[in-house]
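A short write-up of the structure that comes next.
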Amino acid sequence: MKWAPVSQTAQLHTILQLLMQDPPQFSSYASIFQLLTGHKTRNSLKIGQQVHAHMVLRGLQPNAFVGAKMVAMYASSGDLDSAALTFNHITHPSSSLLYNSIIRAYTVYGYFEKTIETYFQMHFLGLMACNFTYPFVLKSCADLSRIGLGRCIHGQSLRTGLGFDMYVGTSFIDMYVKCGELSDARMVFDELPMRDVSSWNALIAGYMKDGMIHVAEDLFGRMSNRNIVSWTAMISGYTQNGLGERALCLFEEMLKEGSEVKPNWVTIMSVLPACAHSAALEQGRRIHKFARGVGLDSNPSVQTALAAMYAKCGSLVDSRFCFDRIHPNKTGLVAWNTMITAYSSHGYGVEAVTTFDDMVRAGIQPDAISFTGLFSVCSHSGLVDAGLKYFNCMSSVYSVEPRYEHYACVVDLLGRAGRLLEAKELIYQMPMQAGPSIWGALLAGCRKYRNLEIAEIAAGKLFVLEPENSGNYVLLSNMYAEAGMWEEVNNLRALLKCEGMKKNPGSSWIEINGKSHLFLGGDKSHPQSKEIHLLLEALPEKIKAAGYIPDTSFALHDVSEEEKECNLKTHSEKQAIAFGLLNTSPDTVLRVTKNLRTCGDCHTFIKFISKIYRQEIIVRDVNRFHHFKEGSCSCGDYW
DNA sequence: ATAGGGTTAG
């Protein structure tokens with residue numbers, strides 16, 4: 001238990017004695033509630049309740065002033081219900097102070113509708129809002145996206161002059177930013193007579209949110225006083241805009257700046273996704289170490305973010321370790337979802353399902369994201385019946401209505417299992433329009449099971465929905481070729497030659513000794529390119545002896561078999577792995593990231609490599625992890 | 001009092 005500072009405890013005793021006096025003084029009660037409001041001791045609520053009871057015993061009805069202090073006391077001690085009850089019992093609530101304290105309480109607890117409702121009530125009674133009212137009302141407007149009401153209040157506050165108050169003005173900046181009205185935010189900022197760090201911070205966050213990095217950087221550069229929020233806003237702005245490298249750089253720079261700014265848990269959470277996106281495990285570990293050093297690793301949110309980071313960097317073991325360190329009572333929905341998603345993206349179906357069940361047993365209600373992770377892993381690890389079982393009862397048992405993404409996963413699940421008719425039926429039955437992801441999943445299933453009839457339906461939809469995506473034409477064309485339908489192949493080839501077709505170039509990167517190396521498909525610009533390609537020339541022959549057969553069906557059927565094999569050899573993930581083999585010892589785990597889905601040939605190829613070189617290889621493709629070890633892959637060839 | 005916030009498939 002934490003002890004209050006001596007002076008405060010002394011004050012408390014003095015006032016408690018005053019309370020015994022006759023006649024009773026309202027101001028004494030008010031003072032004691034005020035003192036308790038500042039106290040963060042565990043028994044402040046108990047003392048408050050006793051003082052309250054003391055008033056009741058003496059037949060004292062709190063007036064608006066004492067009521068305001070009582071409301072604040074209850075709210076700060078975690079008892080919003082008593083705060084609201086107290087407020088509602090005040091017979092003549094004609095005091096802005098009283099309204100301010102309940103408005104503050106509702107906002108702090110996230111009851112934004114109640115805040116606004118109470119503000120209207122206050123307005124109706126003719127009570128004036130003041131500089132302590134607006135920040136909470138505006139935060140509520142921001143959170144509920146009630147921009148119309150916000151503008152109305154803005155106009156009002158400008159007439160009374162309160163709109164030029166620094167706190168109120170900053171709240172308006174924040175509100176406009178959160179509602180996506182950046183130019184209005186800028187206008188408020190420019191017209192504020194006094195600004196403080198928060199005003200700048202709010203505007204920086206706004207520019208970052210709109211992707212206007214340079215403006216944010218310019219503001220940040222021009223600030224005379226930066227606090228930890230300013231740095232954190234920049235760092236999280238970078239990660240949100242996919243600039244992980246810059247986020248990490250700025251984080252390091254901030255640490256060099258000295259002890260002026262102290263990173264807190266929000267800072268750690270803002271920088272961690274930067275490691276996840278670039279698959280920079282070592283950097284992630286460094287930040288984890290740092291967090292441990294400053295005692296931030298016991299924060300449940302940080303632990304959750306760490307678990308997510310490790311999962312995205314490919315280390316499930318570390319991910320689970322961080323998850324297990326979260327206090328059971330503090331393991332919330334997001335933490336469980338993170339762990340389910342972690343197993344899901346690594347293809348660990350049974351573990352994901354177990355985690356889902358553990359979550360339910362722990363009394364946490366799953367949400368839409370829990371089910372997305374669950375269905376995704378069921379589909380990728382072949383747990384068809386389990387997936388369907390959960391899908392069929394998600395609404396009735398867990399009261400989560402299936403969303404578009406759930407249908408997408410289940411269509412994929414059925415498609416991968418070869419249950420193409422059911423998949424097609426589900427698409428026709430679903431209550432919303434199917435888009436490219438759903439028809440694409442069906443088409444992929446058709447290709448795997450060579451169902452040309454349904455493939456033509458799916459492809460037909462895709463040609464309309466995303467005519468510029470060359471992948472769909474290639475897929476159907478390869479299916480026609482396999483069936484020997486050359487006329488159809490030629491028709492599609494003609495379409496493919498059209499302008500505006502998107503060809504997403506493949507790229508992979510590998511991190512070795514903390515340095516990341518990038519490879520593009522067919523590219524030969526890397527300094528070690530010669531050795532890499534020599535190795536890639538030799539490898540197929542070497543592993544063919546072990547049973548490898550190049551699968552050229554992943555190339556377009558318009559070149560000779562030899563040429564196809566040659567194209568396959570230079571796929572970017574093969575280059576990255578060759579580079580890894582050349583520069584590491586066999587006990588190093590090779591960690592490769594790829595921007596697209598890994599092709600079937602590369603997948604087989606890597607399995608053989610992992611066996612012959614006895615080296616563990618972890619490949620993260622655009623949305624999935626493959627753990628290659630001893631000639632097999634964690635995905636069980638089902639991805 | 002105002003600013004910074006972790007989890008989503010293909």
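Reminder, nothing fancy here: chain letters follow the sequence lines and each chain counts from 1.
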Counting only side-chain heavy atoms from C-beta out, which of [options] sits nearest to [X]?
| X | options | result |
| --- | --- | --- |
| A:Ser171 | B:dG5, B:dT2, B:dA3 | B:dT2 |
| A:Thr341 | B:dG6, B:dA9, B:dT2 | B:dA9 |
| A:Phe136 | B:dA3, B:dA1, B:dG6 | B:dA1 |
| A:Lys312 | B:dT2, B:dT8, B:dA1 | B:dT8 |
| A:Trp265 | B:dG4, B:dT8, B:dG5 | B:dG5 |
| A:Asn337 | B:dT2, B:dA9, B:dT7 | B:dT7 |
| A:Ala308 | B:dA1, B:dT7, B:dG5 | B:dT7 |
| A:Ser376 | B:dG4, B:dA9, B:dT2 | B:dA9 |
| A:Val334 | B:dG6, B:dA3, B:dA1 | B:dG6 |
| A:Pro135 | B:dA1, B:dT8, B:dG4 | B:dA1 |

[X] near the nucleic acid: base, sugar-phosphate alone, or nothing, with a heavy-atom cut-off under 4.0 Å?
| X | answer |
| --- | --- |
| A:Asn100 | nothing |
| A:Ala441 | nothing |
| A:Ser270 | sugar-phosphate |
| A:Pro436 | nothing |
| A:Ser301 | base |

Under-4.0 Å side-chain N/O to phosphate OP1/OP2 contact, A:Gln240 with B:dG4: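 No, no such contact exists.
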
Can you measure [X] atom [atom1] to [N] atom [atom2] for me and round it to whole angstrom units?
| X | N | atom1 | atom2 | result |
| --- | --- | --- | --- | --- |
| A:Ile204 | B:dT2 | CD1 | P | 19 Å |
| A:Asn299 | B:dG4 | CG | P | 18 Å |
| A:Ile268 | B:dG5 | CD1 | P | 14 Å |
| A:Arg226 | B:dA3 | CZ | C1' | 16 Å |
| A:Met309 | B:dG6 | CE | P | 15 Å |
| A:Tyr310 | B:dT7 | OH | P | 16 Å |
| A:Tyr404 | B:dT8 | OH | C1' | 14 Å |
| A:Tyr407 | B:dA9 | OH | C1' | 16 Å |

[X] ring center near [Y] ring center (under 6.0 Å):
| X | Y | result |
| --- | --- | --- |
| A:Trp231 | A:Phe251 | no |
| A:Tyr99 | A:Tyr119 | no |
| A:Phe375 | A:Phe391 | yes |

A:Phe132 over B:dA1, stacked by centroid distance under 5.5 Å, angle under 30°: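 Whether judged by distance or by angle, A:Phe132 passes, so it stacks on the base of B:dA1.
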
Min side-chain heavy-atom separation [X]-[Y] under 4.5 Å:
| X | Y | value |
| --- | --- | --- |
| A:Leu281 | A:Tyr310 | yes |
| A:Tyr238 | A:Ile213 | yes |
| A:Val377 | A:Leu383 | no |

Distance-only donor-acceptor test, A:Asn227 side-chain atoms vs B:dG4 base atoms, 3.5 Å: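 Under the 3.5 Å cut-off, the side chain and the base do not form any donor-acceptor pair.
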
Residues A:Arg151 and A:Glu181 bridged, charged N to O under 4.0 Å: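 A salt bridge links A:Arg151 with A:Glu181.
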
Pi-cation contact, A:Phe189 with A:Arg195 (under 6.0 Å, within 45°):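 Output yes; distance and angle both within limits.
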
Strand-adjacent residues in residues 178-194 of chain A, judged by heavy atoms under 4.0 Å from DNA chain B: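 Here the set is A:Lys178.
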
Member of A:Leu296, A:Thr232, A:Ile228, A:Val229 meeting the side-chain contact (heavy atoms from CB on, under 4.5 Å) criterion with A:Val266: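 By the side-chain contact (heavy atoms from CB on, under 4.5 Å) criterion, A:Val266 pairs with just one of A:Leu296, A:Thr232, A:Ile228, A:Val229: A:Thr232.
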
